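So the structure is just underneath, and the comments pick up after that.
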Amino acid sequence: MTTVTLITGDGIGPEIAEAAKRCIDATGADIKWELAEAGVDIMAKTGTPLPQATIDSLRKNGIGLKAPITTPVGTGFRSINVFLRQELELYACLRPCKSYKGVRSRYENIDLVIVRENTEDLYAGIEFEKGKDDTAELINWLNKHSKRQIGNDAGISIKPISVKATQKIVRFAFEYARKYKREKVTSVHKANIMKYTDGLWLETSRQVAKNYPDIEFEDRIVDNMCMQLIQKPELYDVLVLPNLYGDILSDLCAGLVGGLGVAPGANIGDKGAIFEATHGSAPKYAGQNKVNPCALILSGVLMLRHLEKIKEADKLEKAVADVIAEGKYVTYDMKPDRDDPTAVGTSEMADAIIKRIEN
Ligand code: NAD
């Protein structure tokens with residue numbers, strides 16, 4: 001038996017967490033769930049959006065399935081998600097983007113995997129606000145050491161990219177490709193302009209690639225990559241990207257396969273992993289049993305594969321795909337007309353998926 005921390009979140013979180021839990025249990029995956037809270041609901045009760053008990057549970061179990069949480073405004077947390085990634089050293093963000101028959105999209109047969117570096121880049125949170133003393137000091141230093149001059153009315157964000165973190169994430173991408181029998185890894189960058197950060201990324205990617213002769217390697221400049229993904233997405237397989245480009249291209253690729261309702265994700269490190277949907281807590285739909293549970297259920301599929309429960313993962317993914325393809329017991333967002341009265345609720349869609357698993 002594997003113990004998994006289930007963070008029920010807030011907004012639509014509790015409803016989709018319950019749906020995902022029921023579907024995963026129906027596969028017979030033998031999981032013991034440890035319930036934990038995070039988000040604005042628990043903050044209203046206890047004063048913190050991320051109780052120590054939740055962090056402890058994640059540390060102890062090393063595996064979490066997390067429903068979305070609203071980013072609380074006006075607390076010390078920039079984002080609970082960013083905090084958890086840093087706290088548990090979850091350096092890899094994995095976002096498979098796959099076409100499922102029955103999901104409305106401009107493209108068919110897409111099967112891409114985005115591997116995003118999670119700890120560095122402009123996302124590292126090293127920022128200097130316009131007008132502050134530290135910022136003025138930094139600007140003076142930069143103006144002394146660089147040919148370019150920065151005005152005192154500028155704010156500054158720092159972009160660190162290190163050899164160590166790049167090696168780790170590129171290795172992760174290749175190991176993933178090898179494990180899941182993928183053929184190609186594409187490293188994405190802007191090395192022609194940012195020579196000392198993206199240039200380092202590209203050079204490190206090339207070095208790591210030499211250890212994986214069985215997998216094709218290529219690189220693309222990020223702007224060209226965006227155009228190629230729109231024009232010929234079928235040419236790509238696993239993409240590995242620094243944090244910011246990874247953030248942007250994850251959404252682009254989610255758009256290619258029909259949007260947030262079917263976009264699962266995982267944040268993975270050496271000591272643990274948290275599986276979660278790409279979408280947020282959609283507070284306007286909270287408590288209405290209305291939204292699509294598939295992105296969190298498919299995140300559960302990723303979790304089962306990570307736990308080497310392959311049979312159960314395949315069973316669950318097939319059941320989700322079948323229910324979506326049939327198009328009958330699906331939520332409003334998957335109907336051709338969003339006001340379609342035959343749309344079912346969150347829990348009824350989960351029921352249909354469970355029925356498929358059991359048949
Ligand atoms: P959102 O993803 O919550 O919602 C945007 C819109 O997408 C919704 O109004 C809804 O129309 C649609 N949508 C989202 N999930 C859906 C689902 N499962 N089924 C059907 N339709 C769905 O994005 P937002 O409104 O920008 O963010 C709301 C809150 O969620 C914010 O506080 C944000 O910070 C937080 N957030 C959390 C996470 C996370 O916990 N991982 C991720 C993204 C955003």
Side-chain angles (χ1 to χ4, degrees), residues 5-20 23 36-44 49-50 54 58 64-75 77-88 90 93-95 100 102-105 114 116 118 123 246-248 250-251 254-255 257-268 273-300 302-303 320 323-324 329-340 343-350 353:
T5 302
L6 179 65
I7 301 178
T8 49
D10 60 43
I12 57 169
E15 302 157 53
I16 59 173
E18 177 60 22
C23 290
E37 289 188 88
V40 292
D41 294 347
I42 187 71
M43 187 168 86
L50 185 61
T54 300
L58 283 167
L65 183 68
K66 179 181 150 299
I69 44 192
T70 307
T71 302
V73 180
T75 69
F77 286 90
R78 201 157 60 111
S79 150
I80 296 171
N81 298 311
V82 173
F83 180 85
L84 281 175
R85 277 169 215 162
Q86 287 171 352
E87 186 71 9
L88 302 171
L90 307 175
C93 178
L94 184 70
R95 296 248 176 100
Y100 289 100
V103 178
R104 270 165 297 121
S105 161
I114 300 265
R116 165 184 170 190
N118 241 350
Y123 263 78
D247 181 46
I248 298 166
S250 295
D251 272 31
V257 296
L260 290 173
V262 285
N267 291 296
I268 300 175
I274 298 181
F275 298 82
E276 63 181 335
T278 300
H279 65 71
S281 58
K284 71 177 177 195
Y285 292 127
Q288 294 179 26
N289 187 37
K290 184 173 167 96
V291 297
N292 190 343
C294 285
L296 191 63
I297 297 172
L298 291 170
S299 305
L302 298 181
M303 182 184 84
V320 172
V323 168
I324 293 176
Y329 301 103
V330 294
T331 47
Y332 75 100
D333 56 305
M334 295 205 137
K335 293 282 186 184
D337 171 8
R338 288 188 153 226
D339 296 321
D340 188 331
V344 302
T346 309
S347 65
E348 289 73 25
M349 186 163 184
I353 293 167

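We count ligands from 1, going down the list as the structure has it; atoms in each ligand are counted the same way. Predicted, not measured: the structure shown is a model, and the values here were computed from it.
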Quiz item: Does a donor on one side chain and an acceptor on the other come within less than 3.5 Å for Asn267 and Glu276?
Solution: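 There is such a pair (donor and acceptor under 3.5 Å, judged by atom type) between the side chains of Asn267 and Glu276.
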Quiz prompt | Short side-chain donor-acceptor distance under 3.5 Å, Asn289 and Glu348 | solution =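 Side-chain D/A pair, Glu348 to Asn289: present.
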With a cut-off of 4.0 Å, which atoms of ligand 1 are near a heavy atom of [X]?
X: Tyr285; answer: 10 (C), 11 (O)
X: Thr70; answer: 32 (O)
X: Tyr332; answer: 20 (C), 21 (N)
X: Lys284; answer: 9 (O)
X: Asn292; answer: 17 (C), 18 (N), 19 (N), 20 (C)
X: Thr278; answer: 42 (C), 43 (C)

Quiz prompt | Option whose closest heavy atom lies nearest to atom 15 (N) of ligand 1, chosen from Glu276, Arg338, Glu15, His279 | solution =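 Shortest heavy-atom distance from atom 15 (N) of ligand 1: His279.
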Self-check item: Winner among Ile16, Leu296, Val291 once heavy atoms are compared against atom 17 (C) of ligand 1
Solution: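 It is Val291 whose heavy atom sits nearest to atom 17 (C) of ligand 1.
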Quiz prompt | Enclosure of Tyr100 OH (heavy-atom neighbours >12, cutoff 6.0 Å) | solution =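 Yes - once you tally the heavy atoms of other residues, nucleotides and ligands closer than 6.0 Å, there are more than 12.
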Counting only nitrogen or oxygen atoms and a 3.5 angstrom limit, does [X] reach ligand 1?
X: Ala282; value: yes
X: Gly280; value: yes
X: Asn81; value: yes
X: Ala67; value: no

Quiz item: Do Lys66 and Glu37 sit within salt-bridge range, that is, some charged N less than 4.0 Å from a carboxylate O?
Solution: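 Glu37 and Lys66: not salt-bridged.
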Exercise. Determine, for Tyr332 and Lys290, whether the Lys NZ or Arg CZ falls below 6.0 Å from the six-membered ring centre while staying within 45 degrees of the axis.
Key: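 Yes.
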Practice problem: Flag this pair as yes if the NZ/CZ of Arg116 is under 6.0 angstrom from the six-membered ring centre of Tyr123 and inside a 45 degree cone about the axis; otherwise no. | Solution: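 Cation-pi check for Arg116 and Tyr123: passes.
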Quiz item: Contact between Lys66 and ligand 1, counting heavy atoms under 4.0 Å?
Solution: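 Checking ligand 1 against Lys66, which is what was asked, there is a heavy-atom contact under 4.0 Å.
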Quiz item: Testing Val40, Thr70, Ile16 for side chain to side chain contact (heavy atoms under 4.5 Å, CB included) with Ser281, which one passes?
Solution: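 Looking at Val40, Thr70, Ile16, the match for Ser281 under the side chain to side chain contact (heavy atoms under 4.5 Å, CB included) is Thr70.
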Practice problem: Rounded to the nearest 0.5 Å, what's the gap from CE on Met349 to SG on Cys294? Could you check? | Solution: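 Those atoms lie 3.5 Å apart.
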Quiz item: Roughly how far apart are Leu88 CG and Ile274 CD1, rounded to 0.5 Å?
Solution: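 It is 5.0 Å, given to the nearest 0.5 Å.
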